[in-house]
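None of these values were measured; they are calculated from a predicted model.
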Amino acid sequence: MLRAMGAGDLYDTIGVGYGAGRREDPRIAAAIWAGLGDARTVLNVGAGAGSYEPRDRYVLAVEPSAVMRAQRPAGAAACVDARAEALPFDDDAFDVVMTVLSDHHWADNAAGLRECARVGRRVVLFNWENALTDTFWLIRDYVPEFNRYAGAHPSLADRAATCLTPDAEIAPVPIPWDCEDAFFHAFWRRPDAYLREDVRAVTSVWSRFGPAVEARAVAALAADLECGAWAARNAELLDLDACDVGARLVVADTAGRRS
């Protein structure tokens with residue numbers, strides 16, 4: 001059964017260890033930072049422990065979870081306790097608002113994205129296109145419950161067009177086979193990683209569906225790895241250096257487009 005909770009509540013529950021387990025991957029960081037353009041002031045909404053915040057410009061972070069804020073390293077950007085749906089800033093206060101793997105957790109996704117568009121002249125959003133979830137073998141073969149969860153929400157493209165601007169640029173971000181950030185899709189070529197409890201503990205998907213789904217998926221994957229069924233089904237992945245597993249970078253110039 002899907003557990004409903006806001007981002008702050010969720011990460012106060014599961015966020016211990018994210019600072020260590022969810023290190024930014026430099027190749028993904030480069031894609032996100034390219035989207036920032038020449039912005040000098042950046043607001044990071046749903047900032048977590050600070051991954052993917054650029055170090056060469058002014059950054060202010062917003063994070064509702066005290067557990068996540070406590071894991072921000074020394075020297076990280078200042079962090080405000082606030083929610084995306086009610087950002088405590090003036091219109092056009094920042095050159096760019098960025099949000100990384102966060103907006104799907106917000107209690108009111110549309111309101112949060114509109115707030116991002118209100119306070120930033122550009123919005124840069126990195127997340128998964130939830131209309132493509134079944135293309136990832138872990139969801140397709142082991143966690144089909146994720147499809148129902150994803151299908152209950154507008155696609156990433158629809159969210160961008162409706163809440164940011166209809167002409168937002170959306171580009172795929174291939175995930176390297178040796179990705180350093182342990183998010184849910186990171187181990188598409190390293191399936192054994194999903195058998196590790198410490199790896200699963202730093203992705204919110206498992207907590208969304210509960211221990212019974214997690215135990216069933218892990219047992220089925222372990223059996224398929226043991227007998228060779230996983231390799232037979234996914235042999236084409238083993239020679240890839242990077243793979244499109246649905247990650248998308250949205251870049252939306254929002255100044256003057258708010259309704």
Original post:
How about Asp90: does its CG atom have over 12 heavy atoms from other parts shown lying under 6.0 Å from it?
Top reply: no
Original post:
Considering residues, nucleotides and ligands other than Glu236, do more than 12 of their heavy atoms fall under 6.0 Å from its CD?
Top reply: yes
Has [X] got a side-chain atom pairing as donor or acceptor with [Y]'s backbone, closer than 3.5 angstrom?
X      : Y      : value
Arg57  : Val42  : no
Arg190 : Trp177 : yes
Ser102 : Thr99  : no
Thr254 : Gly120 : yes

**OP:** Any chance you could lay out the side chain to side chain contact (heavy atoms under 4.5 Å, CB included) test for Arg69 and Asp81, step after step, and finish with the verdict?
**Re:** CA-CA 8 Å; Arg69 292 195 305 271; Asp81 177 6; 3.3 Å; yes
Spacing of [atom1] belonging to [X] relative to [atom2] belonging to [Y], to within rounding of 0.5 Å:
X      : Y      : atom1 : atom2 : result
Thr203 : Phe187 : OG1   : CZ    : 8.5 Å
Asp108 : Arg83  : CG    : CZ    : 12.0 Å
Cys79  : Arg72  : SG    : CZ    : 4.5 Å
His104 : His153 : NE2   : NE2   : 9.5 Å

According to a hydrophobic-cluster definition based on side-chain heavy atoms being under 4.5 Å apart (Ile, Leu, Val, Met, Phe, Trp, Tyr only), do [X] and [Y] belong together?
X      : Y      : value
Ile175 : Val199 : yes
Leu101 : Leu36  : yes
Val123 : Phe89  : yes
Leu132 : Leu240 : no

Is [Y] close to [X] at the side-chain level, that is, under 4.5 Å between some pair of heavy atoms?
X      : Y      : value
Asp241 : Arg189 : yes
Arg114 : Thr162 : yes
Ser155 : Glu129 : yes
Val45  : Trp106 : yes
Asn130 : Leu156 : yes

Subject >> Electrostatic pair Asp95-Arg40, nearest N-O below 4.0 angstrom >> reply: no
Subject >> Exercise: identify the closest heavy-atom pair between His105 and Arg208 >> reply: ND1-NH2, 2.7 Å
**OP:** Work out which heavy atom in Leu113 is nearest to a heavy atom in Arg159; give both atom names and the distance.
**Re:** CD1-CB, 3.9 Å
**OP:** Would you sort out whether Phe126 and Val173 count as a side chain to side chain contact (heavy atoms under 4.5 Å, CB included), showing the intermediate values?
**Re:** CA-CA 9 Å; Phe126 176 74; Val173 180; 3.9 Å; yes
Original post:
In this structure, which one of Trp137, Trp188, Tyr142 forms a ring-ring contact (aromatic ring centres under 6.0 Å, His included) with Tyr194?
Top reply: Trp137
Original post:
Quick one: are the ring centres of Phe184 and Trp128 less than 6.0 Å apart?
Top reply: no
